[in-house]
Amino acid sequence: MRLQLLTWPAVAEYLERSTGILVPIGSTEQHGPNGLVGTDAICPETLAWSAGERDDILVAPTLAIGMAQHHLGFPGSITLRPATLLAMITDIVESLARTGFTHLYFVNGHGGNIATLYSAFSAVHAEASLAGQASPLRLRLGNWFDGPRVRALSQRLFGAADGSHATASEVSLSWFAHPQARREVRMTPEVAPSGGFHDAADYRRRYPDGRIGSNPALASVEAGAQLHAAGVDDLVEDYRAFLATD
Ligand code: NI
């Protein structure tokens with residue numbers, strides 16, 4: 001169930017049944033020669049929408065722009081500064097809490113968001129702690145690519161060639177959501193180099209086509225369908241466990 005497609009009385013009715021919500025969060029950034037700029041938002045969104053349909057869970061609008069400073073050497077990438085993302089997350093959490101939600105589960109598709117998301121969670125909790133209040137608010141971050149079923153499947157499908165950016169897994173899942181976007185591109189070298197990075201210029205110098213450690217030429221819509229099924233199972237299981245925490 002998507003929040004954007006409900007009326008406010010329908011949201012109030014949902015809150016009688018549950019005070020939990022999924023918030024897909026991603027990024028808008030290059031994903032190598034054959035991956036979509038929207039990959040990191042599309043992946044958590046498609047999993048959250050399917051989990052929401054299957055299990056009567058409300059899904060907030062996708063936060064499609066994240067912290068992606070290191071990708072700015074490639075056209076089409078957009079970043080929020082960490083401080084901007086932190087302010088945005090804090091405002092969203094406080095808005096949802098103000099209207100009755102207590103359990104907010106961020107379904108994340110982008111590693112670059114993780115540090116800032118945890119900082120935002122601490123910032124929100126600090127307000128209650130400093131005020132000496134006991135808040136019912138519970139916050140969780142789940143990276144779709146870290147679920148146990150997804151990890152095992154990615155390993156089985158692609159092994160080490162899955163890589164760490166523009167992975168064969170994420171490209172497959174985004175193609176499953178948008179099959180018309182599939183394209184064949186020859187990768188040179190087949191598997192991209194691995195390592196770290198600092199700023200956008202450094203990233204572009206080390207990883208000229210945008211990939212890190214991956215061979216997304218192995219991606220397919222069929223693999224995406226399997227990852228989708230595994231990802232929805234992982235998400236529903238983790239969300240249910242989270243809801244059960246007080
Ligand atoms: Ni990605």
Side-chain angles (χ1 to χ4, degrees), residues 23-49 62-80 82 85 106-118 141-147 150-151 153-155 157-179 181-183 185 187 191-200 202-204 206-221 223-224 226-228 230-232 234-235:
V23 186
I25 179 166
S27 181
T28 298
E29 67 186 43
Q30 69 81 19
H31 268 76
N34 70 346
L36 304 176
V37 166
T39 300
D40 284 356
I42 291 166
C43 290
E45 175 179 272
T46 186
L47 296 176
W49 287 357
T62 302
L63 312 178
I65 299 178
M67 209 304 290
Q69 62 81 17
H70 46 295
H71 293 294
L72 289 180
F74 298 85
S77 300
I78 303 174
T79 194
L80 300 177
L85 180 60
F106 287 80
V107 194
N108 181 44
H110 175 52
N113 289 340
I114 294 171
T116 309
L117 272 166
Y118 281 128
L141 164 61
N143 300 307
W144 75 265
F145 44 82
D146 275 338
V150 165
R151 283 192 89 88
L153 182 59
S154 293
Q155 177 61 32
L157 289 170
F158 307 118
D162 198 36
S164 59
H165 183 68
T167 66
S169 293
E170 63 182 342
V171 171
S172 295
L173 181 54
S174 71
W175 286 355
F176 172 71
H178 298 278
R182 198 190 75 81
R183 68 208 69 200
V185 179
M187 303 284 164
V191 176
S194 290
F197 51 81
H198 300 281
D199 61 7
D202 182 53
Y203 187 111
R204 179 86 200 226
R206 292 173 193 250
Y207 313 107
D209 74 0
R211 299 174 292 148
I212 302 181
S214 65
N215 179 11
L218 300 172
S220 69
V221 173
Q226 293 180 55
L227 286 158
H228 183 267
V232 172
D234 281 345
L235 175 56

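Whatever order the structure lists them in is the order used to number ligands and atoms, beginning at 1.
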> Can you find a pair of side-chain heavy atoms, one from T79 and one from H71, that are under 4.5 Å apart?
Replying inline: no

>> We want to know whether H31 and D40 form a side-chain donor-acceptor pair, criterion being a heavy-atom distance below 3.5 angstrom.
In response: yes

>> Quick check: of its N, O or S atoms, which one does E170 have closest to the Ni ion (ligand 1)?
In response: OE1

> Is any N, O or S atom of H110 under 2.8 Å away from the Ni ion (ligand 1)?
Replying inline: no

>> Among the N/O/S atoms of D40, which is closest to the Ni ion (ligand 1)? Give the atom name.
In response: OD1

> In a check of side-chain hydrogen bond (donor to acceptor under 3.5 Å, both in side chains) between R151 and each of D162, D234, D146, which one passes?
Replying inline: D146

> Is the Ni ion (ligand 1) under 2.8 Å from any N, O or S atom of E29?
Replying inline: no

> Okay, side chain of S27, backbone of I65: is any donor-acceptor separation there less than 3.5 Å?
Replying inline: no

